[in-house]
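Have a look at the structure below, then the notes.
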Amino acid sequence: MADAPEAGVDVEALENEGDIAADYIEGLLDIADFDGDIDMDVEGDRAMVSVVGATLDELIGQDGEVLEALQELTRLAVHRATGERSRLMLDIGGYRDGRRKVLFQIGAEAATKVKETGEVHPLEPMTPFERKVVHDAVAAAGLRSESEGEEPNRYVVVHPAD
């Protein structure tokens, strides 16, 4: 179930972003001769576009690298059409949803370790999407976390409670 849009969010603009992104992705799928259905939603303060259906591993790539690239291209297409920066999230074959569950668990386990040891705990480098999920898990456990380093080696550091 999708999160309710936050107060002050222009749902109509986000739905328009989703429509533009869906058209762009549909065009890419047609060119590459891939099958898949496109679902659109608004989750929080961003448009969500998901490609579901057929096996689309080629569009996900190793560790989601192709998915990340497609998301950036889709955001550029939305920006070109609207003139506004997009925070659109693209998912293919449920990859991000499954990854979100794994990452939330990683964040929760890191928080437990920090609570037990009282020591700062750095994690492996992650994408911005992955770091956001881990930050949310750490916050849910009542601790704080920060991102450190430079892309593409930026990582989350979990801190003990003050």
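Counting begins at 1 with the first residue of the sequence. On a predicted model such as this, the values are computed, not experimentally measured, just so you know.
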Flag, side chain of D63 to backbone of E65, donor-acceptor distance under 3.5 Å: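 Flag not set: sc D63 to bb E65 has no pair under 3.5 Å.
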Kindly indicate whether a cation-pi arrangement holds for R96 with F129, taking the cut-offs as under 6.0 Å to the six-membered ring centre and within 45° of the axis.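 Because its charged atom sits under 6.0 Å from the ring centre and within 45° of the axis, R96 does stack over F129.
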Pair H135, S145: side-chain N/O donor-acceptor within cut-off below 3.5 Å: yes
When rounded to the nearest 0.5 angstrom, what is the spacing between [atom1] in [X] and [atom2] in [Y]?
X    : Y    : atom1 : atom2 : result
R131 : M126 : CZ    : CE    : 9.0 Å
E130 : E124 : CD    : CD    : 11.0 Å
D41  : D91  : CG    : CG    : 12.0 Å
Y155 : E146 : OH    : CD    : 10.5 Å
I38  : L29  : CD1   : CG    : 5.5 Å
L76  : S86  : CG    : OG    : 9.5 Å

Decide if atom CD of E150 counts as having more than 12 heavy atoms of other residues, nucleotides or ligands within a radius under 6.0 Å. no
Using side-chain contact (heavy atoms from CB on, under 4.5 Å) as the criterion, point out the one residue from T127, L103, V102 that pairs with V133. L103
Any ion pair linking R75 and E72 (charged N to carboxylate O, less than 4.0 Å)? yes
Under a 4.0 Å threshold between the charged nitrogen and the carboxylate oxygen, would E17 count as salt-bridged to R85?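 Salt bridge absent between R85 and E17.
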Which heavy atom of [X] sits nearest a heavy atom of [Y], and at what distance?
X    : Y    : value
M40  : V49  : CG-CG2, 4.2 Å
V134 : V156 : CG1-CG1, 3.9 Å
L14  : R46  : CD1-N, 3.9 Å
Y95  : G64  : OH-N, 3.4 Å
V66  : G61  : CG2-CA, 3.7 Å
I20  : A77  : CG2-O, 4.1 Å

Common cluster, L90/L56, ILVMFWY with side-chain heavy-atom separation under 4.5 Å: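 In one cluster: yes.
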